[in-house]
Asks: 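The following block contains the structure, expressed as structure tokens.
Given the structure is predicted, the values throughout are model-derived calculations rather than measurements. Remember, it's 1-based here, ligands and their atoms both numbered in the order they're listed. By convention here, the first residue in the shown sequence is residue 1.
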Amino acid sequence: MNLVLGVGGGIAAYKAAELARALLERGHNVQVVMTRAARQFVRPLTFAALTGREVITDLFPRGSQPALASATEHIRLAQECELLVVAPATADLLARFAHGLADEFLTALYLAFPGPVVLAPAMNANMWRHPATQANVETLRQRGHLIVEPEEGPLACGMVGPGRLAELSRIVQAVEAAAARRRDLEGECVLVTAGPTLEPLDPVRFISNRSSGKMGYALAEAALARGARVILISGPVHLPPPPGAELVRVETAAEMRQAVLDRLSEAGIVIKAAAVADYHLADVPRQKRKKSAARWSLELDPTPDILAEIGQIKGDRILVGFAAETENLIAEARRKLLAKNCDMVVANRVEEAFGADDNEVTLLLRTGETIELGRASKRELADRILDAVLRLRLSLHAAR
Ligand code: PMT
């Protein structure tokens with residue numbers, strides 16, 4: 001694979017030479033890009049000798065008359081590159097990535113590159129713990145980048161704490177994981193439902209729930225990044241649709257059901273992350289109810305259970321449901337897995353899942369397997385859920 005190894009300006013820059021070698025040994029083509037600060041720590045010649053390629057250091061090569069090609073070199077490399085790994089990613093570099101600065105070659109390349117990014121931060125412990133750095137890391141994590149957390153231990157500055165560049169084997173592992181996910185959904189169509197539904201009580205009032213759409217949109221984004229065509233059927237949310245997704249906006253459970261049935265034949269994987277209202281007012285009055293001192297009692301009817309209905313007609317599709325519970329999470333999720341004929345149910349707790357950027361989920365599979373995905377950003381969990389979907393499909397096909 002064509003990798004770019006970005007080297008930031010920290011003491012750990014010398015370890016990037018070992019990393020370059022480890023990546024070359026695994027058969028990757030490695031193009032090294034160094035920041036201005038990195039060149040204070042290690043000479044480009046070290047990397048050039050290891051990789052057999054000129055190291056890129058400047059947007060405009062010094063000493064020579066800037067040629068037209070040099071003005072667009074970062075774009076050319078962004079098109080050729082399949083994965084960007086940055087080690088060490090300094091506090092300054094993380095801040096520039098997070099805020100979209102394009103003030104030197106590596107930061108301009110980062111902005112021009114739409115593919116997978118692996119970041120291995122290394123810095124002084126206080127710089128790592130600083131809320132500004134943590135906020136930048138969180139922004140980058142939410143963007144779907146893999147962060148290889150620094151390790152605890154004695155640092156070059158004399159302090160002991162978190163900030164040491166992760167073991168090279170962990171960085172290589174992260175690169176291989178990101179590379180494996182790269183385009184493994186090419187040729188697939190994934191249908192995702194997201195957000196809440198909104199059930200009117202009259203022309204101004206409605207019942208809804210606290211779903212923000214973040215989980216469903218993260219799944220759509222992850223599937224797109226892995227090469228899938230994505231149909232995103234979304235209740236009302238305040239999120240921008242992931243570029244490239246075929247967005248179908250709906251409001252009510254009935255509209256969501258119709259949209260899912262209309263598009264079902266196109267999809268091989270269906271993931272129902274939406275929080276569909278379970279009850280609605282069947283006959284919505286056309287006029288606004290006037291306020292009065294009298295009690296207003298409503299009789300609500302159940303909405304159609306879309307997941308259960310799809311479970312009956314899914315054929316060979318992989319059907320993933322979610323279960324959001326306040327108690328008996330795993331037992332309830334298992335009950336839904338069987339009752340709705342799903343291949344997988346993603347179990348999460350109501351109090352942790354709704355509206356948050358992170359989540360903690362357990363997967364229950366048709367095969368009887370239970371997988372703890374742990375706590376992570378919804379974007380990272382989306383990738384882990386898709387990893388599990390692909391593995392499950394393989395094992396179901398093998399069992400046939
Ligand atoms: O949107 P976020 O703020 O990021 O929050 C994410 C989430 C909490 C909404 C998500 O992680 C989640 O758990 N979604 C499912 C919420 C839910 O409605 O769970 P449930 O246990 O009530 O429903 C079980 C499954 O049946 C779900 O896949 C749901 O989409 C589906 N369902 C439910 C009712 C119904 N009438 N039709 C359905 O298809």
Side-chain angles (χ1 to χ4, degrees), residues 142 191-199 207-222 232-239 241-242 250-261 263-264 269-282 300-314 317-364 373 375-382 384-386 389:
Q142 295 299 334
L191 186 155
V192 179
T193 68
T197 65
L198 183 156
E199 312 297 332
I207 313 173
S208 189
N209 61 63
R210 297 179 192 281
S211 168
S212 61
K214 287 177 187 170
M215 190 67 241
Y217 277 53
L219 281 156
E221 214 176 278
L232 175 59
I233 299 176
S234 174
V237 297
H238 300 285
L239 298 172
V250 296
E251 277 207 342
T252 63
E255 288 171 12
M256 186 169 277
R257 170 182 175 272
Q258 196 52 54
V260 172
L261 290 176
R263 305 299 297 270
L264 184 65
I269 298 170
V270 177
I271 309 181
K272 296 221 61 267
V276 185
D278 289 317
Y279 295 95
H280 73 146
L281 190 62
L300 301 175
D301 286 312
T303 54
D305 191 321
I306 311 166
L307 184 60
E309 193 173 342
I310 303 305
Q312 295 311 308
I313 54 170
K314 73 185 195 68
R317 290 177 190 84
I318 295 289
L319 179 60
V320 180
F322 271 67
E325 305 293 341
T326 51
E327 54 185 351
N328 304 327
L329 175 64
I330 299 302
E332 272 306 300
R334 192 166 295 290
R335 187 186 62 73
K336 286 178 183 169
L337 175 81
L338 300 175
K340 303 193 187 201
N341 194 30
C342 296
D343 297 296
M344 181 192 291
V345 164
V346 182
N348 52 196
R349 297 189 183 284
V350 163
E351 54 279 22
E352 287 175 6
F354 279 82
D357 290 334
D358 294 349
N359 199 359
E360 186 170 345
V361 309
T362 304
L363 305 183
L364 304 176
L373 288 192
R375 168 163 292 282
S377 70
K378 286 182 176 170
R379 181 60 177 75
E380 171 56 25
L381 287 173
R384 294 186 197 167
I385 292 168
L386 291 172
V389 164

Asks: Contact residues of ligand 1 with a heavy-atom cut-off of under 4.0 Å?
Replies: S211, S212, G213, K214, M215, K272, A273, A274, A275, V276, A277, D278, T303, P304, D305, I306, L307, G321, F322, A323, A324, E325, K336, K340, N348, A353, F354, G355, K378
Asks: Test of understanding: with side-chain contact (heavy atoms from CB on, under 4.5 Å), list the residues that count as partners of S212, not counting sequence neighbours.
Replies: K214
Asks: Take atom CZ of R210 as the centre, draw a 6.0 Å sphere, and report whether it contains more than 12 heavy atoms from other residues, nucleotides or ligands.
Replies: no
Asks: Indicate yes or no: at least one non-hydrogen side-chain atom of L261 is less than 4.5 angstrom from one of I313.
Replies: yes
Asks: Look at E325 together with K336 and state whether they make a salt bridge at an N to O cut-off of under 4.0 Å.
Replies: yes
Asks: Take a 6.0 Å sphere around CZ of R384 and say whether it holds more than 12 heavy atoms from other residues, nucleotides or ligands.
Replies: yes
Asks: Please check if the side chain of T197 supplies one atom and the backbone of A277 the other of a donor-acceptor pair under 3.5 Å.
Replies: yes
